[in-house]
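Remarks on the structure that follows.
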2 protein chains.
Amino acid sequence: MPATIYDVAKRARVSIATVSRVLNNSDLVSEKTRERVKKAMEELNYSPNVIASALTKKSILTLGLLIPDIANPFFAELARGVEDASVDFGFNIIICNTDYRSDKETEYIRLLKQKSIDGFIISTAYYNDENVINLIKSNTPLVLMGRDIDRADMPVDVVVSDNVRGGYIATKHLIDLGHKNIACLLGPPQIKVNLEREKGYLKALEETNLKVRPELVAFGEFKVEFGFRKAIEILNSVHKPTAFFAANDLTAIGVIKAARYMGLEVPRDISVVGYDNTMLAEMVDPPLTTINQQMRKMGYMATELLIKRIKGKRSPGQKIVLDVDLVVRRSTGELFNRG
Amino acid sequence: MPATIYDVAKRARVSIATVSRVLNNSDLVSEKTRERVKKAMEELNYSPNVIASALTKKSILTLGLLIPDIANPFFAELARGVEDASVDFGFNIIICNTDYRSDKETEYIRLLKQKSIDGFIISTAYYNDENVINLIKSNTPLVLMGRDIDRADMPVDVVVSDNVRGGYIATKHLIDLGHKNIACLLGPPQIKVNLEREKGYLKALEETNLKVRPELVAFGEFKVEFGFRKAIEILNSVHKPTAFFAANDLTAIGVIKAARYMGLEVPRDISVVGYDNTMLAEMVDPPLTTINQQMRKMGYMATELLIKRIKGKRSPGQKIVLDVDLVVRRSTGELFNRG
DNA sequence: TTACTAAATGAAACCGCTTACATTTATCTT
DNA sequence: AAGATAAATGTAAGCGGTTTCATTTAGTAA
């Protein structure tokens, strides 16, 4: 039903090749002809069929976004940045929720490749992720976002934030408030950022000559439930800390809930620093002091990088590290010596 | 590089037509041949090219999801349900953030139509939405999700929840707690759900012979900021209410913040009921009493409905109304006579 | 066995656009 | 003005499938 390139060609009294050239802004068309073709397009309300052109061009102007779960505000923010960049560059994005499952991810990749997707934005990469490595090997355009792999031998584009610094300034903030006994709740150790944030945490402690207590450091999940459970466990132990650094806002919220559950007040009895600065941080009570990650910017830049790669303007291997900063709200306070 | 239908045909010593038939599970292929072809596919690691088949079939197994903003937890939940259904039925979804802008929406629709998208799931419909009406007129498969239009003459599939009932049980809950002076903060009046929730609110008041005070009812935006600002305004007025019904969790959180800002305690001085039951509701302090909307289910069912329509199994015109329920947390309490 | 029908397969056109190559037209030299 | 060159346009062969229609093969009845 909709007009095709043939209809336009007929109306403009040229060949379809010429119409195609106009469509692709080729400079092999005279101004006069170009105008005539454009007019015909207008009159026929012509709209090119992307599918047809994808068949030869192998590009459908669509990117695949692999994230664990869009319902998680952190990934939703990233996704928003990704989508914003996509429209700016004339692309669309297909969203894929992997639920942290490698098999789901593999299946998505297979499916999207069938659809001639132009590239992948991946936020689910583990330390040594098979799916990612296979994609790189097959030379599929991709960019890692917020997650890095550990293969220096493979050229890959990455946009992350400075996690070591994040862990450091979070911990430093607590130390500056007088805390000496600081717990650290991290996400899964397979995700590199957690190792880096821990590194920052340790660096801050060591720099201040504070003792590192392994019992106060725990890896787990990026969930409220983990923060809640682990905080209770740690608060009941002998080394009762006065502050927590949680490697994600959800975990931090779990800690706040745990404190409240145990009759402790935040920040009077327990200070808590989160990570990410999701919208949750300002909703929760008390509003959460946290490390701001610039998720949207990260999403935007990752997408921009990928699109440039797709357009052949560059080859992979770039690593962009975004800065982080501390957002002080009301979940942290000075340590008072109360005996 | 990847194997095509021709490679498979050659290896299985059949024509490409036969391979295509196997691909489409046609029953015009003998068992023997079918096996042979399948074996060849295996051996060649063949994977059909969706783009090529889309050119004739006009279906690319992809749906467009139009929402205002994925960073809003309500829409993120819906999106998750949509995506879950998509994978279950072999589809993918393209996400579109319209930012409540009709022009952005129009542009997305144009773009996705060029890409031979199979249908649209729309969660941005206004009362009398031009874009939606045009789509319906052009017979494009679509389903409205969580939003309805007001055109009884147009056959359209809709999955919504019972907003009148939601407004009713929220208000009833407050009345049962002894509140007589209940404010109602709604979203934009162009969105039909707000009118419906107001209707439920009014019904509960009238049923109990409580006076309706127009000064206590306000339309605005689904945002924290609106709840905050409007609650302060209303709390400073002469008809100082003891409870608020907010038509969305974000607005309710704004109300809680306003109360705190004014030195009032929730729920001792002010009770607050939200709407949606997003994850925010249990994160906030105090945890929010709210109306649960079953967003994931809504997303899932809407998508299922759409896909059935696409597959030609049904024609449009169905309206599914999901039930809502009250989730009592700690932002609501009995009204004590302190005066 | 033959004749006839149903089942299985193949040949080729087509989906709408891109592009290599051929051809025509315009522009420039001398 | 003829010849050479560059610019503009057209022809036709793909891209990787689907599908109609013709043809071959198998199955059944007489």
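A note on names: the letters A, B, ... follow the listed sequences, proteins ahead of strands, and every chain is numbered from 1. What you see is a predicted model, and the numbers here were worked out from it, not measured in a lab.
Partners of B:T33 according to the side chain to side chain contact (heavy atoms under 4.5 Å, CB included) rule, which considers only residues two or more places apart in sequence or in another chain, are B:V14, B:T18, B:V29, B:S30, B:R36, B:V37. Checked against side chain to side chain contact (heavy atoms under 4.5 Å, CB included), A:I133 has the following partners two or more places apart in sequence or in another chain: A:N128, A:K137, A:R151, A:M154. Here B:K10 pairs with nothing under the side-chain hydrogen bond (donor to acceptor under 3.5 Å, both in side chains) rule; sequence neighbours left out. Not counting sequence neighbours, A:K113 has no partner by the salt bridge (charged side-chain N to carboxylate O under 4.0 Å, His left out) test. For A:E105, the side-chain hydrogen bond (donor to acceptor under 3.5 Å, both in side chains) test picks out A:T124, A:N131, with sequence neighbours left out. Partners of A:E77 under the side chain to side chain contact (heavy atoms under 4.5 Å, CB included) rule, at least two apart in sequence or in another chain, are A:M295, A:R296, B:A71. Every side chain to side chain contact (heavy atoms under 4.5 Å, CB included) that B:K57 has, sequence neighbours left out, goes to B:N24. Every residue was checked against the side-chain hydrogen bond (donor to acceptor under 3.5 Å, both in side chains) condition with B:N134, not counting sequence neighbours, and none meets it.
The interatomic distance linking A:I60 (CD1) with D:dC15 (P) rounds to 19 Å, in whole Å.
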Please list each protein N or O that sits under 3.5 Å from an N or O in nucleotides 16-25 of chain C, with the distance.
| residue | atom | partner | partner atom | Å |
| --- | --- | --- | --- | --- |
| C:dG16 | N2 | A:A52 | O | 3.2 |
| C:dC17 | OP1 | A:Y46 | OH | 2.6 |
| C:dC17 | OP1 | A:N49 | N | 3.1 |
| C:dC17 | OP2 | A:I5 | N | 2.5 |
| C:dT18 | OP1 | A:N24 | OD1 | 3.4 |
| C:dT18 | OP1 | A:N24 | ND2 | 3.1 |
| C:dT18 | OP2 | A:S20 | OG | 2.5 |
| C:dT18 | OP2 | A:N24 | ND2 | 3.4 |
| C:dT18 | O4' | A:T56 | OG1 | 3.1 |

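The shortest non-hydrogen separation linking A:I70 to A:N97 is N-ND2, 2.7 Å.
For the helix from C:dT1-D:dA30 to C:dT30-D:dA1, the angle separating the two terminal helix axes comes to 40°, with each axis derived from five pairs and the value rounded to 10°.
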Extract all donor-acceptor atom pairs below 3.5 Å that involve side chains of residues 39-46 of chain B and protein atoms in other chains or at least two apart in sequence.
| residue | atom | partner | partner atom | Å |
| --- | --- | --- | --- | --- |
| B:K39 | NZ | B:E43 | OE2 | 3.4 |
| B:E43 | OE1 | B:R11 | NH1 | 2.3 |

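Scanning residues 27-40 of chain B for heavy-atom distances under 4.0 Å to DNA chain C yields B:D27, B:L28, B:V29, B:S30, B:T33.
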